[in-house]
Q: 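Structure in structure tokens, see below.
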Amino acid sequence: MSVVHKFSENQDQFQWEDVEGIPYDVEGIQSAAKHILIGEKEGAPNSIMRYFNLAPGGHSKLERHPQEHEVLVIRGKGKVRIGDNDFVVNPFDAVFIEGNELHQFSNPFDRSFGFICVIPRKS
């Protein structure tokens, strides 16, 4: 089923119609929220598109796994660790993380850091 989730910014909250932002409460993750923009609910057969928001001081898990990530920063600035390297990223920077590469996203800054992340759908 094809779908359009309209975007609205309301009082510094990034929101999409019919998409609920949920706290990402998993061990190793701090001050993060996840929105599944396109996924199983929409019938996407090959990939999942998510939006993550990291509050100041927030971070994703430091991890490696088989799936790759395609990321587009759309809000604020943050840091991404890839292997042994750290990069400061800003809106509209694009990041590719190869499968099995050690990585982590973090927000050491004083404003929210948000990015779109596309991953392959697990078969």
Side-chain angles (χ1 to χ4, degrees):
M1 148 182 81
S2 298
V3 66
V4 174
H5 295 296
K6 297 294 281 183
F7 172 79
S8 67
E9 184 177 2
N10 181 5
Q11 296 179 353
D12 202 37
Q13 295 292 318
F14 271 38
Q15 300 176 51
W16 287 263
E17 289 176 1
D18 302 320
V19 176
E20 184 177 342
I22 51 175
Y24 203 30
D25 189 18
V26 175
E27 186 178 338
I29 296 175
Q30 181 174 321
S31 301
K34 174 173 76 170
H35 303 70
I36 299 175
L37 302 175
I38 307 293
E40 184 176 348
K41 182 174 111 178
E42 291 75 18
N46 301 312
S47 58
I48 301 170
M49 178 186 289
R50 303 145 333 145
Y51 171 74
F52 288 95
N53 186 73
L54 299 180
H59 58 80
S60 67
K61 209 183 270 192
L62 178 61
E63 62 184 347
R64 71 175 79 229
H65 44 69
Q67 75 263 24
E68 63 189 41
H69 293 279
E70 290 85 18
V71 173
L72 181 65
V73 177
I74 62 171
R75 182 180 194 198
K77 70 178 178 177
K79 281 187 160 181
V80 60
R81 177 178 176 186
I82 303 173
D84 293 328
N85 300 304
D86 289 313
F87 303 90
V88 172
V89 290
N90 294 287
F92 312 112
D93 287 347
V95 178
F96 174 70
I97 298 173
E98 185 177 11
N100 294 312
E101 183 83 58
L102 185 67
H103 63 282
Q104 181 179 42
F105 290 86
S106 63
N107 183 1
F109 303 105
D110 62 357
R111 295 184 186 247
S112 289
F113 169 44
F115 53 93
I116 301 288
C117 179
V118 178
I119 59 171
R121 191 166 162 173
K122 295 178 181 174
S123 355

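The figures here come from the full heavy-atom set of this structure, side chains too, leaving out hydrogens, waters and symmetry mates.
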Q: Check the pair V4 / E17 against side chain to side chain contact (heavy atoms under 4.5 Å, CB included), numbers first and verdict last.
A: CA-CA 9 Å; V4 174; E17 289 176 1; over 6 Å; no
Q: So R81 and S106, do their side chains get closer than 4.5 Å, heavy atoms only?
A: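 Heavy-atom side-chain distance check fails, nothing below 4.5 Å.
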Q: Heavy-atom distance under 4.5 Å between the side chains of I36 and K41, does that happen here?
A: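 A side-chain contact under 4.5 Å is absent here.
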Q: Would you say I74 and F14 make side-chain contact, with heavy atoms under 4.5 Å?
A: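 Sidechains of F14 and I74: in contact.
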Q: Counting heavy atoms not belonging to Q67, are there more than 12 under 6.0 Å from its CD?
A: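 Yes, because the 6.0 Å sphere around CD of Q67 holds more than 12 heavy atoms from other groups.
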Q: Would you say the side chain of V73 lies within less than 4.5 Å of the side chain of N90, judging by non-hydrogen atoms?
A: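 When only atoms from C-beta onward are counted, V73 and N90 do not touch, as no gap falls below 4.5 Å.
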Q: Answer with yes or no whether the hydrophobic clustering places F87 together with V95; edges join I, L, V, M, F, W, Y residues whose side-chain heavy atoms lie under 4.5 Å apart.
A: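 Yes, same cluster.
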Q: Quick check for you: to the nearest 0.5 Å, what is the distance between E40 atom CD and I48 atom CD1?
A: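 CD1 of I48 is found 8.0 Å from CD of E40.
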Q: Mind checking the NZ-CG spacing from K77 to N107? Nearest 0.5 Å is all I need.
A: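 Result: 10.0 Å between the selected atoms.
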Q: Linking I/L/V/M/F/W/Y whenever any side-chain heavy atoms sit under 4.5 Å apart, do M49 and W16 land together?
A: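 Yes, it is one cluster - the side chains of M49 and W16 are joined through contacts under 4.5 Å.
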Q: Between Q104 and S60 (side chain of the first, backbone of the second, donor and acceptor by atom type, cut-off under 3.5 Å), is there such a pair?
A: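 Flag set: sc Q104 to bb S60 pair under 3.5 Å.
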Q: Count I, L, V, M, F, W, Y as connected when their side-chain heavy atoms are under 4.5 Å apart, and connections chain through other members. Are L37 and F113 then in the same cluster?
A: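 Result: no, two separate clusters.
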Q: Is the closest side-chain heavy-atom distance between D93 and V80 below 4.5 Å?
A: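 Side-chain contact under 4.5 Å: no.
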Q: Identify the heavy atoms of Q30 and G57 that sit nearest to each other, and give their distance.
A: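 Scanning both residues, the minimum pair turns out to be NE2-O, 3.4 Å.
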Q: Angle class for the F115/F105 ring planes (parallel below 30°, perpendicular above 60°, tilted otherwise)?
A: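 F115 vs F105 ring planes: parallel.
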Q: Are any non-hydrogen side-chain atoms of H103 and E63 less than 4.5 angstrom apart?
A: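 Yes, close enough: below the 4.5 Å cut-off.
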Q: Report yes if some heavy atom in the side chain of R50 is under 4.5 Å from a heavy atom in the side chain of H69; otherwise report no.
A: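 R50 reaches H69 side chain to side chain.
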Q: List the atom of P91, the atom of G76, and the distance in Å for their closest heavy-atom pair.
A: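 Residues P91 and G76, closest heavy atoms: CD-O, 2.9 Å.
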Q: May I ask whether V3 and F7 are part of the same hydrophobic cluster, defined by side-chain heavy atoms of I, L, V, M, F, W, Y residues being less than 4.5 angstrom apart, directly or through others?
A: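 Yes, V3 connects to F7 through the hydrophobic network.
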Q: Measuring only between side-chain heavy atoms, which start at C-beta, is F52 closer than 4.5 Å to V71?
A: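 No, every pair of side-chain atoms sits at 4.5 Å or beyond.
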Q: I'd like to know if the side chain of R121 reaches the main chain of N46, judged simply by a donor and an acceptor atom lying under 3.5 Å from each other, with no hydrogens or angles considered.
A: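 No.
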Q: Roughly how far apart are S2 OG and I38 CD1, rounded to 0.5 Å?
A: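 Answer rounded to 0.5 Å: 9.5 Å.
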Q: Please round to the nearest 0.5 Å and tell me the distance separating atom NE2 of H65 and atom CD of E68.
A: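 It comes to 11.0 Å.
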Q: Taking all non-hydrogen atoms of both residues, which atom of S31 and which atom of G58 are closest, and how far apart?
A: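 Minimum heavy-atom contact is CB-CA, 3.8 Å.
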Q: Can you tell me how far NZ of K34 sits from CG of N53, rounded to the nearest 0.5 angstrom?
A: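 Output value for this atom pair is 14.0 Å.
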Q: Around atom NZ of K61, are there more than 12 heavy atoms from other residues, nucleotides or ligands closer than 6.0 Å?
A: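 Above 12, so yes.
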Q: Working to the nearest 0.5 angstrom, can you tell me the gap between I29 CD1 and L54 CG?
A: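 I29 atom CD1 to L54 atom CG measures 9.0 Å (nearest 0.5 Å).
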